[in-house]
Every structure is written in C-alpha cells, then in structure tokens.
Amino acid sequence: MLTVILIISMVALSACGSSDPAPAPESGNGEAAPAPGAAPGARTDLIWGAMQDPDSLDPRLTTSSYAEEVLELVFNSLIYPDENLEMQFDLATGMETPDDLTYIFTLREDVTWHDGEPLTAHDVVFTYETILNEDFGSPHRTRTHVSTVEALDDYTVKFTTETPNAAAWTSLRRFIVPRHLAPAEPYEDGQGTFAFQPVGSGPFKLVEWIPNDYIQLERYDDYFEGPAILETILRREIPEGETRFAELLAGNIDFTYPPEREIDTLIEDPDFTLVMSQTLNYFPLAINHAYAGSDVLNDVRIRQALNYALDKEAIVKHVWPTASVMHNPIIAGTWAYDDEATYKYEYNPEKAKQLLEEAGYGDGLTLTVTMSNSTENIEFGELARSFYGDVGIELVLETMEFSSALAKILDGDFQLYHMGSTGMYDPHDFMSRFINGTGTTAYNHPEVNRLVEEAVQIIGDQDARKALYSEAQRIMTEDAYNVPLRNSQMWMAWNADFEFDYNFVVRSRNLKDAYWKQ
C-alpha cells in the first residue's frame, strides 16, 4: 500500500555524560531471522538504482553521500544518528565522560571483520590516528574534534580533546576500518586497493565494484546483530533521473531516487511506496576565496553581485520544487539558526550591475562553476547562466561525473562549485567549514573564526552558543561568504511489495532489516 511520510523534525542534539544502550542482540548464526509479513519463498535480492558512483570506499577518504550509503552497509561506527538525530550505540556498548575533555567507550566483543578477524579497540585507534594524521589526507580530519585516542585494553578506547568541545561527541561517528588490512600511509585509491575492495564489519560485504556501472553486495552471515534478510544487493549507477524512473516503472530496478517532477505520479500509483524526508543538506553555489588563478572573488562587491543576480526562489522552485531556499549555512529550524541575524539577498539585477561597475567589471566578467553532470545540476547551470548573463557575468559550466568533480573541489581547483554538504548534526559541523581557511571554500574571516571557535568550547549552555553563532551568521551573510541556495528534501520510491523503513538520516543502514512481503 502507498506510504507517504514527511519527516520534518529538526531537533537539537545533546550529549549525555554517560549512556547505556538497549540490550545487545544475539550474534549472527548464518541464518536470517524470519521477518514479520515476509512470505515464504519471497525474494531475497534487491536491485537499487543509484544516482552516482562513490568516489572511494575507504571511509576515511570520502565525504560523498553516494559513498556513505554503501559504507553504511559495509562498515560500522562507534555511534550513529537515528531518525530523531539522537546518537545511538553501534560498535560501542557504553560511554563515560569523567570530565569535559574525555570520552571513554566500551566496545562489543562479538564483532568480526568480513575476513573473520575480531574487531578491537586497536582498530578504532588505527582508524582515528590515520584520520587525524595530516599527511594521510583525510577530509574528516578537521571535522573530528579530538586530539588523542588510545586503547585502554582490547575493548576499551579513550578519546581526549585539548579543550572542551561541544561537537566532539557527535564527531565520533566515523566508520572503523581494520588495521590489518587498511593502509596507514597515503595512497591512490584505484583498483586493487582497500578503497576499491574494502573489508568491513557491516551486514553486507563487497563482492564486486565496476566503476560507473554497478556495485554488488552480499550478506555477511556472521554479522554481530544477526544476518540481514536480503541476501544480495545490486546497486546500479543510473545518473539520469528519467531513466531511473523508467527503469522503476518497468520493474528493472526495485528501489531508487525518482526525479522530483515524478513524485505526484508515484504518490498516485499503488504499486509503489514513496517516502519523503527532511534533510540536513546545504547546497550552495560556493565561492573559492583562495583560487590560485584569480583574486576577483576576493572583492566583496563581486560576491554580493553573485547573490543579487540570482532569483533563488524561482530557480529552486523550478529545479527542486520540494526544497527550501537557504540564506546561510545553518539550516532553518535547527536551534542555532537566527533568521534576524541573516542578511537575505533578494533578487536585484540592477544592484548586481551597480556592484560590478563599482568593482571595475562593468564591461563583464567570466566565471566557471564546477559540478557533477546530474540532470538537475545541468538544468540549474543553464538557469544560473541565464540570470548571470543578464548582469554581464558569463558563467561557464564545467560538468563531469561526480567523483571527478569532488576531487577538483577538494583540491581547490575551482572558482565556483555547486555541491552539497551533508551529515551536520551539531552547529559546529556547519560553521567549522567556514573558519581559518580550512574548508573547501577557504573562507577565512578573523572575527568569524573567533566566534565559532569560542562557541564550540561552551559545554551545557546552548543559549550562549547560539548568541555567538548568531553574530557569525550576521557577518558571514553580509560578507557574502557564499551564494546559499537550498536545503533539500530527499525522496525514495520502491516496489510496494518491499518493506523498508527509510529516512534520510539513517538511509541505507535500515536495509539490514528490509524484506520482500511476497
């Protein structure tokens, strides 16, 4: 039967000093537990129509949501956020915080890697030491707010921070890799490497990855929570939205992200289930503040003109009808967002022309935007090019497959980019991407740096943190740090005979318990 769910809760996270999990499930025994509602002889495979290929399957080396949805099936973390944005234990069974600088986790003792070796605290230490090692090059290094990690014994691990850090708890959700298999030194993550053929501890193991074609997963029968009900998952890469939609209708795939314009069609079709979920995604037209090829974007008047020249409401409504227009990097509805402190650039092409003239570019300006080649991105790019052309800005569209676009962005090889940021569960996750020049946009404003760094050191006083974030939002938006565009909703559709509890925060993690009803 048709199910349409809109999840709109945007609750604040709070870290407890100590917490106890629910009783641990029995370890796997090689046989999946019978699912309520599953018919005898029902299918045990799933064909998934995915939007983009991962850039890497070494979880230390990627921040891509397309990689994350695979990693959630292959790996585990100490903790993970549930659908209410509250952290739950995964590999950990408990945590103690004897002071504001220390987090001590007790681990499960029944977890094995897909090669049969036990997972211990030494794997946790190895994972975080490589993430924190600047030479290793993990994009998670600046987003993991601890300074040291040590194994107290085989199943106890201690993290410490140099100063109190309100975001440290939620940053300890990184996927754990095996120290006996994963590289400790920087490496090219091509075929034959751990990033291409990872070994994890999750409910599914990787069988084969053919880039830009498919990923084949197979159930891990010795999974510590018991084996999944599905035996295999085939994840096909299908970048074109209408192609995914056609394949779903034809029965060639079971589960996919349909184009936004087809949502109403699926809502009316009893053969499919459609679920819509609010996200913590932030999609800007991002500005490189340290582009090596030109310093034109260092002029605040140019950045402000880029904001005034776009009719954001019209663009978002046309390309992403269910999304909300954003005006700063903190999402409206979360506790740190301050609408009154946020400067909103209304569509004003004449103002944009005036600013370009004042900056010395009255005769025109050429800028390049880097982004993946998805259908929606190309449509957005054409609209943006039209709006910018009206004020004398020639926008060159540089589109490519997702992993190549992400690599250029992470290397700082762009003027503008359009790509989202995900997985932001504490305000510091939003704001730390825009301090000290360390984020992908290299934004570096001394007062914003001070405000954000001071806010994260406040433990237990949300109002005091909020006041500092409010001032930071005021400065950043007036300084046109970026061109904020949208906060998206995510929607998934699947065959109505498939039973799956989906929301964007938990995402594919719940596929372990999904099953076919007939």
Side-chain angles (χ1 to χ4, degrees), residues 5-15 63-65 68 81-87 143 166-167 169-171 173 260 276-287 307 310 312-313 315-317 319-345 376 380 417-435 439-441 443 448 451-452 455-456 462-463 465-491 503-507:
I5 304 173
L6 176 61
I7 301 174
I8 60 173
S9 67
M10 292 288 221
V11 299
L13 290 173
S14 59
T63 59
S64 161
S65 61
E68 290 271 328
D82 66 13
E83 63 273 11
N84 297 314
L85 305 184
E86 296 175 351
M87 291 293 167
R143 304 173 187 179
W169 155 247
T170 59
S171 77
R173 60 182 189 276
E260 196 161 355
M276 297 177 65
S277 176
Q278 190 71 32
T279 73
L280 292 176
N281 287 354
Y282 166 56
F283 283 84
L285 182 63
I287 295 170
N307 277 272
L310 285 189
K312 300 175 187 177
E313 293 284 349
I315 290 173
V316 170
K317 183 176 181 180
V319 184
W320 305 283
T322 65
S324 302
V325 174
M326 288 189 67
H327 301 284
N328 81 38
I330 295 183
I331 294 171
T334 57
W335 64 262
Y337 175 77
D338 189 339
D339 190 66
E340 294 182 0
T342 301
Y343 184 81
K344 302 176 180 64
Y345 292 86
E376 293 81 5
F380 158 70
Y417 77 70
H418 176 60
M419 190 173 286
S421 296
T422 64
M424 299 175 286
Y425 304 106
D426 183 275
H428 193 70
D429 296 334
F430 295 81
M431 301 298 276
S432 63
R433 303 176 189 217
F434 301 101
I435 60 173
T440 54
T441 64
Y443 186 68
V448 172
L451 291 164
V452 174
V456 79
Q462 185 169 293
D463 290 340
R465 290 186 74 194
K466 179 178 173 64
L468 296 172
Y469 290 131
S470 294
E471 180 62 12
Q473 289 167 70
R474 183 192 64 76
I475 296 171
M476 291 173 67
T477 53
E478 291 178 359
D479 195 40
Y481 74 104
N482 254 348
V483 184
L485 282 176
R486 76 188 197 277
N487 166 230
S488 65
Q489 289 191 51
M490 183 59 73
W491 50 93
N503 72 78
F504 180 75
V505 177
V506 180
R507 291 186 299 198

Query raised in the report: Under the side chain to side chain contact (heavy atoms under 4.5 Å, CB included) test, which residues partner A341, sequence neighbours left out?
Result: D338, S470, R474
**Report entry** Test ring-ring contact (aromatic ring centres under 6.0 Å, His included) applied to F380 - qualifying residues, sequence neighbours left out
**Finding:** W320, H418
Requested in this report: List the steps and the verdict of salt bridge (charged side-chain N to carboxylate O under 4.0 Å, His left out) for D426 and R465.
Outcome: CA-CA 11 Å; D426 183 275; R465 290 186 74 194; 2.9 Å; yes
Report task. Might you work through the side-chain contact (heavy atoms from CB on, under 4.5 Å) test for W335 and K466, ending with a clear yes or no? Result -> CA-CA 8 Å; W335 64 262; K466 179 178 173 64; 4.0 Å; yes
Query raised in the report: Which is it for L280 and I331 under the side-chain contact (heavy atoms from CB on, under 4.5 Å) test, yes or no, and what are the steps along the way?
Result: CA-CA 7 Å; L280 292 176; I331 294 171; 4.1 Å; yes
Query raised in the report: Of the non-hydrogen atoms in I287 and A480, which two are nearest, and what is the gap between them?
Result: CD1-O, 3.9 Å
Query - Ring-ring centroid check Y282 F430, cutoff 6.0 Å - result: no
Query raised in the report: Is the side chain of N328 donor-acceptor paired with the backbone N or O of T342 at a distance under 3.5 Å, no angle test?
Result: no
Query raised in the report: Tell me, do L485 and M326 make a side-chain contact under 4.5 Å, heavy atoms counted?
Result: no
Query - Side-chain heavy-atom pair R486, V325 within 4.5 angstrom cut-off - result: no
**Report entry** Pairwise side-chain contact, M431 with P329, heavy-atom cut-off 4.5 Å (strictly under)
**Finding:** yes
Query raised in the report: Below 4.5 Å, heavy atoms only, C-beta onward: do M87 and W169 meet side chain to side chain?
Result: yes
Query raised in the report: CG of D429 to OG1 of T334: how many Å apart, nearest 0.5 Å?
Result: 11.0 Å
Query raised in the report: Quick one: does M276's side chain get under 4.5 Å of M490's, heavy atoms only?
Result: no
Query - K344 side-chain N/O to T477 backbone N/O, donor-acceptor pair under 3.5 Å - result: no
Query raised in the report: Do the side chain of R507 and the main chain of N503 share a donor and acceptor less than 3.5 angstrom apart?
Result: no
Report summary line: Looking only at heavy atoms, the pair that brings T441 and A286 closest together is CG2-CB, 3.7 Å
Requested in this report: Check whether the side chains of N307 and K312 place a donor and an acceptor atom closer than 3.5 Å, and report yes or no.
Outcome: yes
Query raised in the report: Between the side chains of T440 and Y417, is a donor N or O closer than 3.5 angstrom to an acceptor N or O?
Result: yes
Requested in this report: Give a yes or no on whether the backbone of P484 and the side-chain of N482 come within a donor-acceptor separation of less than 3.5 Å.
Outcome: no
Report task. Say whether, by atom type as modelled, one donor and one acceptor occur between the side chain of Q473 and the main chain of Y469 under 3.5 angstrom. Result -> yes
Report task. Could you grab the distance from atom OG of S488 to atom CD of E376, nearest 0.5 Å is fine? Result -> 11.0 Å
Query raised in the report: Ignoring hydrogens and geometry, is there a side-chain-to-backbone donor-acceptor pair from E260 to T322 under 3.5 Å?
Result: yes
**Report entry** Between CZ on residue R143 and CZ on residue R173, distance to nearest 0.5 Å
**Finding:** 9.5 Å
**Report entry** Derivation of the side chain to side chain donor-acceptor pair (under 3.5 Å) call for Y443 and D479
**Finding:** CA-CA 10 Å; Y443 186 68; D479 195 40; 2.7 Å; yes
Report task. Would you name the heavy atoms of A472 and L451 that are closest together and state the gap between them? Result -> N-CD1, 3.6 Å
Report task. Indicate whether the side chain of Q489 and that of T279 have a donor and an acceptor atom separated by less than 3.5 Å. Result -> no
